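It should be emphasised that the depicted structure is a prediction, and the values quoted were computed from it without experimental measurement. All heavy atoms count here, side chains included; hydrogens, waters and symmetry mates do not.
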Amino acid sequence: MRFLVKRTSISLTMLAATSVLIFVVLRALPGDPILARLGGEQGIDAATLARLRKSAGLDQSLTAQYASWISGIFHGDLGKSYFSDRSVSSMITSGFGVTMELAVVGILLAVLIAVPAAMLASNRPGGWMDRAISGLSSAGMAFPPFVAGIVLILVFSVSLHYLPARGFVSFTASPVDNLRHIIMPSLSLAVGAAPLILRYLRTELVSALNASFTRTAIGKGASRTRVLARHALPNAMLPTLTMVGLLTGYTLGGSVIVEYVFGLSGLGALSVNAAFRRDYAVLQSVVLLISAMFIIVSLIVDIAVWSLDPRTRVQRG
């Protein structure tokens, strides 16, 4: 209980500090949201500008604006867009499901790629398979997600005409079309995330294979493949959970550009459009939501590792 209270308090403090940082940084950026909304309109006098700024709440002090934003979060009211006057809550709700599906499928694909590759690489450390997989993982880490997305579009959409290049169909409308639209964006994220999991898991597997309990199992006649799958992998997966939790932030951050490349109407595309328009009301809420998701996932992973690994409980005790 002490660990749970302490870890939750740290997460809440991080979330509060993140909200302040987001609010201050966005206000420090050049540009005015009201002028960006008006664009090239002529004949706008100072009185009209003042009225528009007052209706948007921008005439208040920064402290009052921050207090109004935070109090609105607790009441489920994130304000209105400076550009379209739409409710920010409704705009985020419409794009939240797309981003969550993209992130979850991307992480699942990364795990499905990384775990078998790490097992192959750690089975014979220093062998040709280990060197080949390490080289491919290095290339994947240097491959930005949006570049991977462009390559996938050129191959599977432009050349082979197998998959659609842009757009999104919800799972409830058509599961098959949903899979066809989400597979390439998710794979673009997995290309960069899988090498990170692979390298960490490979190191943990090699360490587990050199431990006394695995050497004992091999000495009793168990095959190396059985020891790797039944003994080394479960022990190596526990610390790897921490890396998977950290990759949530990587995946959510990479989804911003990937959604824009594939024309997905998620939180990433919403934040990019809001940044172009200087729509602080939308952008600050989207960034805070993504940060909160990352902090919550990290908290859940830490609690899961603490619960599943008795060594952690003994050390903390």
Side-chain angles (χ1 to χ4, degrees), residues 3-4 7-8 10-11 100-127 129-138 140-141 145 186-187 189-254 293-317:
F3 169 74
L4 181 61
R7 189 61 184 83
T8 304
I10 293 174
S11 298
M100 283 301 299
E101 182 179 356
L102 177 61
V104 170
V105 176
I107 292 177
L108 287 177
L109 287 177
V111 172
L112 291 176
I113 294 171
V115 173
M119 293 178 66
L120 289 174
S122 61
N123 194 32
R124 293 289 185 271
M129 182 67 73
D130 187 17
R131 294 196 298 270
I133 292 176
S134 297
L136 290 175
S137 66
S138 299
M141 292 174 65
S186 302
L187 189 57
L189 293 176
V191 166
L196 300 174
I197 302 176
L198 192 157
R199 283 176 171 265
Y200 194 85
L201 181 58
R202 184 258 179 201
T203 302
E204 293 294 330
L205 284 173
V206 171
S207 177
L209 287 173
N210 293 325
S212 58
F213 67 93
T214 53
R215 292 200 302 268
T216 301
I218 293 174
K220 289 182 176 181
S223 65
R224 187 175 180 85
T225 303
R226 180 181 176 85
V227 171
L228 179 64
R230 296 289 300 273
H231 299 279
L233 183 60
N235 283 273
M237 284 300 294
L238 281 176
T240 307
L241 280 176
T242 304
M243 175 59 69
V244 175
L246 293 176
L247 283 176
T248 304
Y250 172 89
T251 305
L252 292 173
M293 292 166 60
F294 174 55
I295 292 173
I296 291 172
V297 170
S298 299
L299 173 62
I300 294 173
V301 168
D302 284 350
I303 294 175
V305 172
W306 182 85
S307 302
L308 297 174
D309 193 349
R311 295 170 299 181
T312 306
R313 295 197 298 270
V314 170
Q315 289 173 1
R316 294 188 181 277

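- Note that the CG atom of L299 and the CZ atom of F294 stand 12.0 Å from one another [nearest 0.5 Å].
- Partner of L228 under the side-chain contact (heavy atoms from CB on, under 4.5 Å) criterion, chosen from L209, L233, L120: L209.
- Although no hydrogens or angles enter the test, the distance criterion places no donor-acceptor pair under 3.5 Å between the side chain of S207 and the main chain of T203.
- When all heavy atoms of A114 and L198 are compared, the pair lying nearest together is CB-N, 3.7 Å.
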*Between R199 and S134, does a side chain to side chain donor-acceptor pair (under 3.5 Å) hold up when you go through it step by step?*
CA-CA 8 Å; R199 283 176 171 265; S134 297; 5.9 Å; no
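- For S223, there are no side-chain hydrogen bond (donor to acceptor under 3.5 Å, both in side chains) partners two or more places apart in sequence or in a different chain.
- A pairwise comparison of heavy atoms in A117 and I133 identifies O-CD1, 3.3 Å as the closest pair.
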_L196/M141 under side chain to side chain contact (heavy atoms under 4.5 Å, CB included): CA gap, chis, key distance, verdict_ = CA-CA 7 Å; L196 300 174; M141 292 174 65; 3.5 Å; yes
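- Expressed to the nearest 0.5 Å, how far CG of L108 lies from CD1 of I113 amounts to 11.0 Å.
- Listed here is the closest heavy atom pair of A193 and L247: O-CD1, 3.6 Å.
- Scored by the side-chain hydrogen bond (donor to acceptor under 3.5 Å, both in side chains) test, R230 finds no partners at all (sequence neighbours excluded).
- For E101, the side-chain hydrogen bond (donor to acceptor under 3.5 Å, both in side chains) test picks out N178, with sequence neighbours left out.
- Taking the salt bridge (Lys or Arg N to Asp or Glu O under 4.0 Å) definition, one finds that R131 meets it with nothing, sequence neighbours left out.
- Distance CD1/I296 to OG1/T8: 10.5 Å, rounded to 0.5 Å.
- Within the model, atoms CG of L109 and OG of S186 stand 6.0 Å from one another, a figure rounded to the nearest 0.5 Å.
- Considering only residues two or more places apart in sequence or on other chains, S11 meets the side-chain hydrogen bond (donor to acceptor under 3.5 Å, both in side chains) condition with R7.
- Using a 4.5 Å heavy-atom cutoff, the side chains of H231 and R226 are not in contact.
- Looking at T214 and N210, their side chains never come closer than 4.5 Å, going by heavy atoms from C-beta outward.
- Residue pairs meeting the side chain to side chain donor-acceptor pair (under 3.5 Å) criterion with at least one partner in residues 104-122, sequence neighbours excluded, do not occur; the list is empty.
- The two residues A118 and R202 come nearest to each other via the heavy atoms CB-N, 3.9 Å.
- Nearest approach of S137 to P195, heavy atoms of both residues: O-CB, 3.3 Å.
- Across every non-hydrogen atom of L201 and M237, the tightest pair is CD1-SD, 4.0 Å.
- The shortest side-chain heavy-atom distance between M119 and L205 falls under the 4.5 Å cut-off.
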